[in-house]
*Asks:* 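Below you'll find the structure I mean.
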Amino acid sequence: MTPRTTLSRRALLGAAAGAGAAAALSGCGSGSTGSPSTTLQVWGGVPAANGPQELVDGFTAATGEQVTYTRFVNDDRGNLKVDTALQGGVDIDVYFTYAAQNMALRAGSGMALDLTDRVRADPDLAPYLDTTAPRATMVDGRIVALATAREPNFLLFNESLREQAGIELPRAWTVDEFAATVRELAGPDRYGTYSVPDTARVSLGANYWYAPEGGSNFDDPAFLEWMQLGRSLIDDGAAYPWTEVLARQLEAYQQTPFLQGEFVVWPTAPFNLRYLNNAEDYPHDFLVAAAPTPTTARGDWNGGSFNNFIMINPRSTKIDLAWEFVRYWVTDGAGPMLGGGKIPALDVLPDEDVLAGVLGEDPEQWFDVESFRRTLFTDEPKLMTDTILSAVPEISLVSEQQRNLCWIGEKSPADAVASIDALADAAIRRYERQA
């Protein structure tokens, strides 16, 4: 990694120390370095019933080793719980990181074991050494986290509403065609789309927040185009009102309004498919089809990435067992995670098995299966992994805040992007000085 991709240990230790103090105050830990218990402690954000428990049971059956899986909610509160527990000495051996801002903290502040030598020694894990299409997170050239899943983005269609509107299911389309389609799908009692794809990501690919020469890249026109697209579709009534998104906290959970027909198109990823084949908890009476992420004039990146990173706590007293479990998760044990929409990061399963796993039982009852086969495999999505983590927490926060201000109508797209650019540049320069 170049110097500007190197995480600043000094800069991040302050945040980690704050998390440790919070752990002490909240009673999350006593400052010990881990329990001598022989039971492996694994923390993850996926509900146990959506694959992790079956995977854990498979590992126990294969090795005789006991594992306890603890689920945390993958939101700000849940990730704070993980950070405070790690810093406070709670017995955690293996844990998961999903968002770049959390990775920036954990990977750079002593919360991640160096896995490089173990990966290099295992031919089955060779793809994790590839730096052209990385599936691992590296700090100073050392591997600290392995992606367990590939998460392509796609757009889901309510087939009943699409057919009523006489719109053809897209197989390859542009952002302009997407905008025209969702405007046509909108009606008096529904919106065309929940939101818009991250078209700046589609145009620019990995590390799109960072200029090649250093500093912020938010002055690239792609970001303004994305902000304007979202604002214009909201103003036209084609996209879901962002005031409602914030009021109903829909950023994490959009499945209910989709299933209730409040919008026709849902930009999302495979992990949300588990809601669509569960008629008991999420009843609906329409098929769901998949379409690819629309392309821009500048790029055809899918917008999805290798993700769901598994990491080992360096304080663990069971390092060898933890590694055995990590290896099992990304290789022989990957199958059960398909039920939660987690496609393995490594090519360890045939495409048809993956498709059957993510769509669940009786897929023809709930899905246009061929559209998912085409979107996920026939036209293989271009995925990415960000390798620069400088100031990610700060940039994530300001980007979200300014987007919200713009999309609720309190700030113009140009002013919102200009604010992101200035604040992101200052944060990146600060981190580079401290590195």
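What's counted below: heavy atoms across the whole structure, side chains too, no hydrogens, waters or symmetry copies.
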*Asks:* Would the distance check show the side chain of Asn302 and the main-chain N or O of Asn153 forming a donor-acceptor pair, the cut-off being under 3.5 Å?
*Replies:* yes
*Asks:* Going by heavy atoms in the side chains, are Arg248 and Pro257 under 4.5 Å from each other?
*Replies:*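 Counting from C-beta outward, Arg248 and Pro257 do come under 4.5 Å.
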*Asks:* Would you say the side-chain atoms of Thr116 and Asp114 include a donor-acceptor pair closer than 3.5 Å?
*Replies:*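 Yes - a donor-acceptor pair under 3.5 Å links their side chains.
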*Asks:* Check whether Asn207 reaches the backbone of Asp386 with its side chain - one donor and one acceptor, N or O, closer than 3.5 Å.
*Replies:* no
*Asks:* Taking CD in Glu380 as the centre, count heavy atoms belonging to other residues, nucleotides or ligands within less than 6.0 Å. Is the count above 12?
*Replies:* no
*Asks:* Within the structure provided, determine whether Glu151 and Lys342 are in side-chain contact (heavy-atom separation under 4.5 Å).
*Replies:*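 Yes. Closest side-chain heavy atoms under 4.5 Å.
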*Asks:* For residues Leu383 and Ser305, report the shortest heavy-atom separation together with the two atoms involved.
*Replies:*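 Looking at all heavy atoms of both residues, the closest pair is CD2-N, 4.0 Å.
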*Asks:* Let me confirm one number: the OG1-CD1 distance from Thr137 to Ile310, rounded to the nearest 0.5 Å.
*Replies:*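 Spacing of OG1 (Thr137) from CD1 (Ile310) equals 12.5 Å.
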*Asks:* Parallel, tilted or perpendicular: which fits the ring planes of Phe258 and Phe263, with parallel below 30° and perpendicular above 60°?
*Replies:*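 If you compare the ring of Phe258 with that of Phe263, the planes turn out tilted.
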*Asks:* With no hydrogens and no angle check, do the side chains of Asp421 and Ser216 hold a donor and an acceptor under 3.5 Å apart?
*Replies:*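 Judged by distance alone, the side chains do pair up.
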*Asks:* Check Ser390 against Ile428 and note the closest heavy-atom contact, atom names and distance.
*Replies:* O-CG1, 4.4 Å
*Asks:* Rounded to the nearest 0.5 Å, what's the gap from CE on Met384 to CZ on Phe306? Could you check?
*Replies:*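 CZ of Phe306 is found 10.5 Å from CE of Met384.
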*Asks:* Are side-chain heavy atoms of Leu389 and Met103 found at a separation under 4.5 Å?
*Replies:* yes
*Asks:* Answer whether the closest heavy-atom distance between the side chains of Ile343 and Leu349 falls below 4.5 Å.
*Replies:* no
*Asks:* Evaluate side chain to side chain contact (heavy atoms under 4.5 Å, CB included) for Leu273 paired with Leu156, printing each intermediate quantity in order.
*Replies:* CA-CA 10 Å; Leu273 295 177; Leu156 300 182; 4.2 Å; yes
*Asks:* Let me see the working for Met138 and Thr131 under side chain to side chain contact (heavy atoms under 4.5 Å, CB included), right down to the final yes or no.
*Replies:* CA-CA 9 Å; Met138 294 187 179; Thr131 57; 4.1 Å; yes
*Asks:* I'd like to know if the side chain of Glu244 and the backbone of Pro241 have a donor-acceptor N/O pair within less than 3.5 Å.
*Replies:* no
*Asks:* Would you say the side chain of Pro152 lies within less than 4.5 Å of the side chain of Leu376, judging by non-hydrogen atoms?
*Replies:* yes
*Asks:* For a quick test of reading the model, state the closest non-hydrogen atom pair linking Asn313 to Ile92 and the distance between them.
*Replies:*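 Shortest heavy-atom separation between Asn313 and Ile92 comes out as ND2-O, 2.9 Å.
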*Asks:* Find out whether Pro52 and Met337 are in side-chain contact, i.e. whether some heavy atom of one side chain is under 4.5 Å from a heavy atom of the other.
*Replies:*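 Sidechains of Met337 and Pro52: in contact.
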*Asks:* Are any side-chain N or O atoms of Arg150 and backbone N or O atoms of Ala345, one a donor and one an acceptor, separated by less than 3.5 Å?
*Replies:* yes
*Asks:* Find the distance between CH2 (Trp242) and CG (Leu250) and round it off to the nearest 0.5 Å.
*Replies:*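 CG of Leu250 is found 8.5 Å from CH2 of Trp242.
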*Asks:* Using a strict 4.0 Å threshold on nitrogen-to-oxygen distance, state whether Arg403 and Asp198 make a salt bridge.
*Replies:* no
*Asks:* Is the side chain of Thr39 donor-acceptor paired with the backbone N or O of Gln66 at a distance under 3.5 Å, no angle test?
*Replies:*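 Checked: no pair found.
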*Asks:* Which heavy-atom pair separates Leu155 from Pro294 by the least distance, and what is that distance?
*Replies:*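 Of all heavy-atom pairs spanning Leu155 and Pro294, the closest is CD1-CD, 3.7 Å.
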*Asks:* Can you check whether Leu86 reaches Val82 side chain to side chain, under 4.5 Å on heavy atoms?
*Replies:*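 Of all side-chain heavy-atom pairs linking Val82 with Leu86, at least one is under 4.5 Å.
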*Asks:* Mind telling me whether Trp173 and Phe178 have parallel, tilted or perpendicular rings, with 30° and 60° as the class edges?
*Replies:* perpendicular
*Asks:* Phe218 and ring-ring contact (aromatic ring centres under 6.0 Å, His included): which single residue from Tyr210, Phe223, Trp226 fits?
*Replies:* Phe223
*Asks:* Decide yes or no on side chain to side chain donor-acceptor pair (under 3.5 Å) for Gln254 and Tyr240, but give the supporting numbers first.
*Replies:* CA-CA 11 Å; Gln254 298 114 42; Tyr240 208 81; over 6 Å; no
*Asks:* Among Thr193, Val196, Thr293, which residue satisfies the side chain to side chain contact (heavy atoms under 4.5 Å, CB included) criterion with Pro267?
*Replies:* Thr193
*Asks:* Before you tell me yes or no, could you show the steps for Glu394 and Leu397 under side chain to side chain contact (heavy atoms under 4.5 Å, CB included), namely the whole-Å CA-CA distance, both residues' side-chain angles and the distance that decides it to 0.1 Å?
*Replies:* CA-CA 5 Å; Glu394 290 91 338; Leu397 179 60; 5.9 Å; no
*Asks:* Between the side chains of Arg118 and Asp122, is the shortest nitrogen-to-carboxylate-oxygen separation below 4.0 Å, so that they form an ion pair?
*Replies:*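 Answer for the salt bridge query: no.
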*Asks:* Using a 6.0 Å cut-off, check whether atom CG of Asp76 has over 12 heavy atoms from anything other than its own residue.
*Replies:* no
*Asks:* For side chain to side chain contact (heavy atoms under 4.5 Å, CB included), just list the numbers for Tyr275 and Asp281, CA-CA rounded to whole Å, side-chain angles, deciding distance to a tenth of an Å, and then say yes or no.
*Replies:* CA-CA 8 Å; Tyr275 300 114; Asp281 296 327; over 6 Å; no
*Asks:* Before accepting this row, confirm whether a basic side-chain N of the pair Asp91/Lys318 lies closer than 4.0 Å to the acidic partner's carboxylate O.
*Replies:*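 Looking at Asp91 and Lys318, the cut-off is met.
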*Asks:* Side chains of Thr296 and Ser203: any donor to acceptor distance under 3.5 Å?
*Replies:* yes
*Asks:* Among Phe96, Trp323, Phe59, which residue satisfies the ring-ring contact (aromatic ring centres under 6.0 Å, His included) criterion with Trp329?
*Replies:* Phe96
*Asks:* Can a donor-acceptor pair be found, under 3.5 Å and without considering hydrogens, that links the side chain of Arg231 to the backbone of Trp407?
*Replies:* no
*Asks:* So which heavy atom on Pro221 is nearest to which on Arg298, and how close?
*Replies:* CD-NH1, 4.3 Å
*Asks:* Hey, could you give me the CG/OG1 distance between Asp83 and Thr97, rounded to the nearest 0.5 Å?
*Replies:* 8.0 Å
*Asks:* With a 4.5 Å heavy-atom cut-off, do Thr385 and Arg135 have their side chains touching?
*Replies:*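 In short, these two side chains do not touch, never coming nearer than 4.5 Å.
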*Asks:* Between Asp379 and Arg171, is there a salt bridge with N-O shorter than 4.0 Å?
*Replies:* no
*Asks:* Check the pair Ser412 / Asp415 against side chain to side chain donor-acceptor pair (under 3.5 Å), numbers first and verdict last.
*Replies:* CA-CA 5 Å; Ser412 72; Asp415 287 346; 3.3 Å; yes
*Asks:* Under a 4.0 Å threshold between the charged nitrogen and the carboxylate oxygen, would Lys81 count as salt-bridged to Asp75?
*Replies:* no
*Asks:* Could you pull out the closest heavy-atom pair between Ile395 and Trp209, with the gap in Å?
*Replies:* CG2-CE3, 3.3 Å
